[in-house]
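Here is the structure we will look at, set down as structure tokens.
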Amino acid sequence: MVENLGSFRRDRYCGEVSLEDVGREVRVCGWVHRVRNHGGVIFIDLRDREGVVQVVVEEREDPEVYEKAEKVRPEWVLCVRGEVRKRPPGTENPKIKTGYVEIKAKEIKVLNTSDTPPFPVEEEVNVSEETRLKYRYIDLRRESMKENLLFRHRFCRITRRFFEEEGFVEIETPFLTRSTPEGARDFIVPSRLHPGKFYALPQSPQLFKQILMVAGFDKYFQIVRCFRDEDLRADRQPEFTQIDFEMSFVGEEEVMDVAERLVAKLFKELLGVELQTPFERVTYDEAVSKYGTDKPDRRFGLEICELTDLFKESEFKVFRTAVDSGGVVKAVNLKGKNVSRKEIDELTEFVRGLGGKGLAWIKVEPGKLTSPITKFLSDSEIEGILRRTGAEEGDLILFSAGPVNEVHRILGALRNHLGEKYNLADRSRWDVFWVVDFPLMEWDEEEGRFVSLHHPFTAPKEGDEEKLKEALNVKDLEERKRIVHSVRARAYDLIINGEEVGGGSIRIHRRDLQEVVFKLLSISEEEAREKFGFLLEALRFGAPPHGGFAFGLDRMVALMRGLDSIRDVIAFPKTQKGICMLTSAPGEVTPEQLREVHIKVAGET
RNA sequence: GGAGCCGUAGUUCAGCCUGGUUAGAACGCCGGCCUGUCAAGCCGGAGGUCGCGGGUUCAAAUCCCGUCGGCUCCGCCA
């Protein structure tokens with residue numbers, strides 16, 4: 001039954017057959033999408049990468065072909081030779097590109113049969129992601145998945161062309177490199193030739209691209225895989241792709257300009273959307289104080305209100321304690337939703353889930369306030385709250401009190417939750433903007449040291465360099481924190497619709513400054529030499545001023561395709577536990593393989 | 001490390017709360033009929049480790065405990 005391809009060669013894609021081909025003989029190859037057997041006439045929808053075309057076989061005209069067509073089942077692989085003809089009037093299908101024509105088959109070859117697929121190759125059926133990932137090759141035959149990957153391909157093509165035209169050089173960097181402290185957990189690879197030593201897969205090509213700048217390549221870019229061994233999310237995979245670039249002899253403006261023009265070009269060419277450049281800029285402080293996060297979704301309001309000063313003398317213990325211990329009281333006003341008590345309880349649960357103790361609230365009802373807390377508040381406090389939050393009938397004011405970072409985290413998350421729950425965002429709008437003026441470092445309570453907000457190679461603002469050196473000489477920790485926290489970074493993040501799609505910075509190119517930063521981050525001289533020695537060394541040999549940027553390609557593509565999960569724009573993604581459902585990776589290796597790389601697996605502990 | 005939702009036919013789900021006939025439906029699949037459909041239609045049929053393990057019970061898809069897997073989120077992710 002199955003035949004060889006032989007000398008048969010297709011001359012076009014199924015999806016390309018058009019009215020222009022009417023009267024011509026064509027040869028196509030593809031998968032059986034659907035069969036409609038009417039007894040005497042059989043319609044086979046044949047599908048390939050470019051689309052679907054209807055093949056017709058009539059029993060009384062081509063009995064031998066008909067006999068073959070009768071046996072055909074979905075997902076069989078066929079090649080078909082036949083004449084293109086216009087469909088009879090009234091039988092056109094305007095829903096598909098090839099709906100005005102059909103191929104009258106003169107020859108059909110079955111190139112391969114197929115088991116019944118575990119799920120049909122169509123859009124409407126919702127199949128569990130588990131099954132889709134196990135049979136990814138079938139899932140990828142579906143129109144939307146196919147389009148996702150083709151879109152991604154066009155995205156990459158435009159990007160490469162853009163950088164080419166801008167004079168950037170594409171240079172590959174190693175995947176087998178060394179583990180560095182700071183940042184995410186590394187994936188490590190044992191070395192056979194060096195017992196007990198390990199390579200690490202790069203979290204990003206950061207250091208290599210800086211070294212390329214020292215080497216004088218001036219403008220570098222790469223579409224490159226990065227690896228981070230952290231827990232997965234809808235927008236996080238252990239291996240993901242960045243559009244990475246770096247430039248010499250530039251400041252923030254030039255780097256941001258390149259990034260903006262690339263984004264604008266991608267939106268224009270792929271979506272037909274004209275983004276206004278330059279993109280708006282929001283400072284880190286403004287983003288965090290208004291929205292509770294450094295990647296706000298500004299497509300809806302629901303801004304955070306500062307109320308701390310109202311409760312300096314308050315009788316209400318929860319707020320007063322927060323203020324007295326240096327914390328803040330803030331609120332959001334969910335306007336006009338007449339939220340029910342049940343929904344408020346749900347919101348309280350949501351906040352508890354974030355680690356909040358509870359949720360104080362005031363509901364503004366006709367002529368009265370309903371609230372579990374108003375009885376503890378003075379009239380002037382209540383009046384202050386209502387005025388600050390602009391409260392009106394139907395509104396619900398939701399409070400958070402405590403350490404400033406906690407309050408922002410909770411209200412920021414609550415704000416996004418409400419935005420989604422009440423569908424507040426204007427979905428027709430692309431909100432593209434920069435967040436700038438990040439602090440260079442912040443104090444990490446758990447680790448008891450300063451950590452970089454961006455990464456340790458980010459340069460401080462030009463006027464702030466002296467402050468860092470000064471901070472090193474200050475013994476008093478609180479004073480040191482005050483100084484260090486006042487230092488701004490030459491870093492910038494690009495946010496689209498509340499998602500961080502990229503970030504970058506101007507780097508430190510002087511060894512003395514880099515050493516100061518390492519010191520402040522409590523990276524010992526020894527460790528710095530061992531882990532980053534090659535970079536410090538490179539900075540001694542004529543490192544030019546430089547800076548760059550990296551886009552999260554998967555996130556960008558998902559965002560532009562309107563998808564919630566980056567798994568849908570990755571051909572072979574991993575599950576939340578980091579498993580590849582297709583290959584069952586990670587898998588076991590033989591004792592021999594382990595011996596070769598000098599690894600002994602520890603027993604259960 | 002933690003929280004929530006989910007797991008029953010090839011697929012999507014109902015049944016579970018309130019234990020008790022032979023575990024149902026739709027789609028798909030198989031067979032038959034049918035000459036213009038396009039999610040073809042009509043008739044008939046097959047198809048189940050109720051994720052896995054243990055417990056309670058005369059009796060477990062159903063109740064309890066554990067475990068595995070998928071998804072979402074917190075922590076984590078320079």
Side-chain angles (χ1 to χ4, degrees), chain A residues 33-46 52-61 66 73-75 87-96 98-99 102 104 115-135 138 180-186 203-204 206-207 226-238 240 346 349-356 409-410 413 416-417 420 438 440-442 444 446-447 450-458 489 491 500 503 505 517 521 523 550 552 564-565 567 574-577 579 581 584:
Chain A
H33 188 60
R34 246 178 224 118
V35 185
R36 292 175 295 281
N37 184 339
H38 285 246
V41 61
I42 296 174
F43 301 98
I44 299 170
D45 290 342
L46 200 63
V52 174
V53 70
Q54 174 166 288
V55 175
V56 192
V57 188
E58 285 174 279
E59 186 171 22
R60 59 173 171 244
E61 295 192 32
Y66 185 84
R73 293 291 178 269
E75 302 312 311
R87 293 197 189 185
T91 67
E92 300 92 347
N93 182 358
K95 280 187 281 187
I96 62 171
T98 61
E102 61 192 10
K104 181 177 157 53
D115 286 357
T116 301
F119 52 90
V121 179
E122 60 188 37
E123 292 304 305
E124 299 79 17
V125 172
N126 61 327
V127 188
S128 77
E129 195 151 358
E130 207 172 342
T131 311
R132 287 175 51 202
L133 290 174
K134 186 169 171 192
Y135 301 96
I138 293 169
T180 52
E182 302 285 298
R185 194 176 295 112
D186 288 316
Q203 297 174 25
S204 82
Q206 181 60 37
L207 295 171
C226 304
F227 307 87
R228 294 177 192 177
D229 189 6
E230 296 292 347
D231 286 0
L232 285 74
R233 288 282 193 285
D235 64 349
R236 274 169 22 197
Q237 283 274 306
F240 61 98
E346 221 173 271
E349 274 313 300
F350 175 80
V351 167
R352 287 223 174 89
L354 294 171
R409 189 173 68 81
I410 285 171
N416 281 340
H417 180 71
E420 204 164 302
F438 283 84
L440 186 67
M441 303 174 189
E442 63 184 4
D444 186 308
E446 249 173 57
E447 293 194 46
F450 292 103
V451 293
S452 298
L453 236 78
H454 205 66
H455 58 55
F457 320 107
T458 302
E500 185 193 326
S505 64
V517 168
L521 293 172
I523 298 173
D564 291 328
S565 166
R567 289 188 300 275
K574 311 263 187 295
T575 68
Q576 197 170 39
K577 288 240 165 76
I579 287 166
M581 294 298 284
S584 300

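Only a predicted model underlies this, so the values are computations on that prediction, with no experimental measurement involved. Here is how names work: the chains are called A, B, and so on, in the same order as the sequence lines, proteins then strands, and each is numbered from 1. Just so it is clear, the values below take in all heavy atoms, side chains as well, and ignore hydrogens, waters and symmetry mates.
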Q) Considering only heavy atoms and no angle criterion, is a donor-acceptor pair shorter than 3.5 Å present between the side chain of R87(A) and the base of U37(B)? A) yes

Q: Consider the side chain of T131(A), meaning its heavy atoms from C-beta on, and name the nucleotide among C76(B), U12(B), G10(B) that approaches it most closely.
A: U12(B)

Q. Is there a donor N/O on one and an acceptor N/O on the other, under 3.5 Å, for the side chain of D115(A) and the base of G10(B)?
A. no

Q. Do the side-chain N or O atoms of R409(A) get closer than 4.0 angstrom to the phosphate oxygens (OP1, OP2) of G75(B)?
A. yes

Q) Between U12(B), U37(B), U72(B), which one does the side chain of Q54(A) approach most closely? A) U37(B)

(Q) The side chain of T91(A) is closest to which nucleotide in this list: U37(B), A39(B), U72(B)? (A) U37(B)

**Q.** Residue of the set L46(A), V35(A), D45(A) for which side-chain contact (heavy atoms from CB on, under 4.5 Å) holds with V55(A)
**A.** L46(A)

Q.
Is there, by distance only and without an angle test, a donor paired with an acceptor across the side chain of E102(A) and the base of G36(B) below 3.5 Å?
A. yes

Q) A40(B) base stacked by H38(A)? Criteria: ring centres under 5.5 Å, plane angle under 30°. A) yes

Q | Under 3.5 Å donor-acceptor, R132(A) side chain and F119(A) backbone | A | no

Q. Taking atom P of G70(B) as reference, at what distance in whole Å does atom CZ of R567(A) sit?
A. 11 Å

Q | E58(A) side-chain proximity, nearest of C38(B), G70(B), G36(B) | A | G36(B)

(Q) Side chain of R236(A) only, heavy atoms from C-beta on: which candidate in A39(B), G75(B), G36(B) is closest? (A) G75(B)

Q | Donor-acceptor contact below 3.5 Å, side chain R87(A) vs main chain E92(A) | A | no

(Q) Measuring from the side chain of N126(A) (C-beta onward, heavy atoms only), which nucleotide among U35(B), U12(B), C38(B) has the closest atom? (A) U12(B)

Q. Is a side-chain N or O of R73(A) found less than 3.5 angstrom from the main chain of T116(A), in a donor-acceptor match?
A. no

Q | F43(A) side-chain proximity, nearest of A39(B), G36(B), U72(B) | A | G36(B)

Q: Side chain of R34(A) only, please: which of C77(B), A39(B), G10(B) is the nearest?
A: A39(B)

(Q) Would you say K577(A) places a side-chain N or O within less than 4.0 Å of OP1 or OP2 belonging to C68(B)? (A) no

Q. Hey, is the side chain of T116(A) poking within less than 4.0 Å of OP1 or OP2 on G10(B), counting only N and O atoms?
A. no

Q.
At less than 4.0 Å, is any side-chain N or O atom of R36(A) found next to OP1 or OP2 of A40(B)? Yes or no.
A. yes

Q.
Let's see if you can work this out: which of G70(B), G10(B), G36(B) has an atom nearest to the side-chain heavy atoms of M581(A)?
A. G70(B)

Q: In whole angstrom, give the distance that lies between atom CZ of R233(A) and atom C1' of G70(B).
A: 15 Å

Q) Between C34(B), U12(B), C71(B), which nucleotide has the shortest distance from any of its atoms to the side chain of N37(A)? A) C34(B)

